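What you see is a predicted model; the values in this text were computed from it and never measured. Values below: all heavy atoms of this structure, side chains included; hydrogens, waters and symmetry mates excluded. The sequence lines fix the lettering, A, B, ..., with proteins before strands; numbering per chain opens at 1.
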There are 2 protein chains.
Amino acid sequence: MTHMKKYPIRLTPQRLAILEYLEGNKAHPSASDIYKAVSKKHPMMSFATVYNTLETLRGKKHVRELSIDPEKKRFDPNKKPHHHLICLECRAIADVHRNFALDLTDSERYGYEITGTHVDFYGVCPKCKRGRSSKI
Amino acid sequence: MTHMKKYPIRLTPQRLAILEYLEGNKAHPSASDIYKAVSKKHPMMSFATVYNTLETLRGKKHVRELSIDPEKKRFDPNKKPHHHLICLECRAIADVHRNFALDLTDSERYGYEITGTHVDFYGVCPKCKRGRSSKI
DNA sequence: CTTCTAATTTATAACGATTATAACATAATA
DNA sequence: TATTATGTTATAATCGTTATAAATTAGAAG
């Protein structure tokens, strides 16, 4: 995990397992996805540890917490600035690495101080499209 | 509420009260905000009715369900296409009425069929900015 | 290497948002 | 008016998440 030396956290076996699972993971897993996957190798792992660790990682900017899925928080270890492409049927999330220059005029800004921008593209992923046509 | 004739729903006193509350509401209220406000006039109103009604309104496209707030769903009766400006401190949400032409190349699209786009601007609202400076 | 302290993990309870269920009430329709 | 579908209510259940307290462990100090 990049930046790990720059913003270090105390490394425990549990945290290492979670970091290992997240490293390069492009699925944008939820806490429960992470728990399920990691507890296979660490059966004693508690759910609370997953939440605690995610909170710690979020604080050190090692993961981004996404509010894209209305059902649950999802986590993104990709630290490059990027946007998302979301399947409205299965909630799959893909990354979009492009920089959109999105600026607001003063009147549009409405007194807000803007610190970041994020674009969501909504649609249907290839897997769900296939599923559809087969049902005709 | 616009479109009400085009996509009608059966109008009950409860639904009317909820629609009245939502009409022109720019606060992007949660189900609980709506319940609190509406049950002042309709003390017998049940929480379930708020959820049921919101689900019905969503189905008829009378409200948009937002996943902007990680804690809870919020609802937007504004049917003009628009984007959002979100205060990271108090979760206030303001509307941005601008059309951004955001297109992805085929390779960026990754097989997804894109049906919509939404831009979130993150920052600090004027109220929270004021709160900050007074604490120096 | 041992001792100490603070941080971490665990199990579990509590919480808030949301959904499900079933009985009751109301509206629309025949 | 009788019938049927739809909406409302109260309430239980569920799910994701946070809080708590006791037990464990990592890391620092000696």
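At whole-Å resolution of the value, CG in B:Asn52 and C1' in C:dT18 are 11 Å apart. With rounding to whole Å, A:Leu54 atom CG is found 13 Å from D:dG16 atom C1'. Distance B:Tyr51 OH to D:dT9 C1': 16 Å, rounded to the nearest Å. Residue B:Lys73 contributes atom NZ, which lies 7 Å from atom C1' of C:dT18 at whole-angstrom precision. Atom C1' of nucleotide C:dA17 and atom NZ of B:Lys36 are separated by 12 Å, given to the nearest angstrom. Rounded to whole Å, the distance from CE on A:Met44 to C1' on C:dT8 is 15 Å. The interatomic distance linking B:Ile34 (CD1) with C:dT18 (C1') rounds to 14 Å, in whole Å.
Partner B:Asp76 forms a side chain to side chain donor-acceptor pair (under 3.5 Å) with one of B:Lys26, B:Arg64, B:His82 and no other, that one being B:His82.
Which of C:dT19, C:dT9, D:dT17 sits closest to the side chain of A:Thr12 comes down to C:dT9.
For A:Thr105, the side chain to side chain contact (heavy atoms under 4.5 Å, CB included) criterion is met by A:Ser107, A:Glu108, B:Arg98, not counting sequence neighbours.
Rotation axes derived from the C1' atoms of the five outermost pairs at either end of the helix from C:dC1-D:dG30 to C:dA30-D:dT1 lie 30° apart, to the nearest 10°.
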Throw together a table of side-chain donor-acceptor distances under 3.5 angstrom for residues 38-47 of chain B, partners on residues two or more places apart or in other chains.
from, atom 1, to, atom 2, distance (Å)
B:Ser39, OG, B:Tyr35, O, 2.6
B:Ser39, OG, B:Lys36, O, 3.4
B:Ser46, OG, B:Ala48, N, 3.0

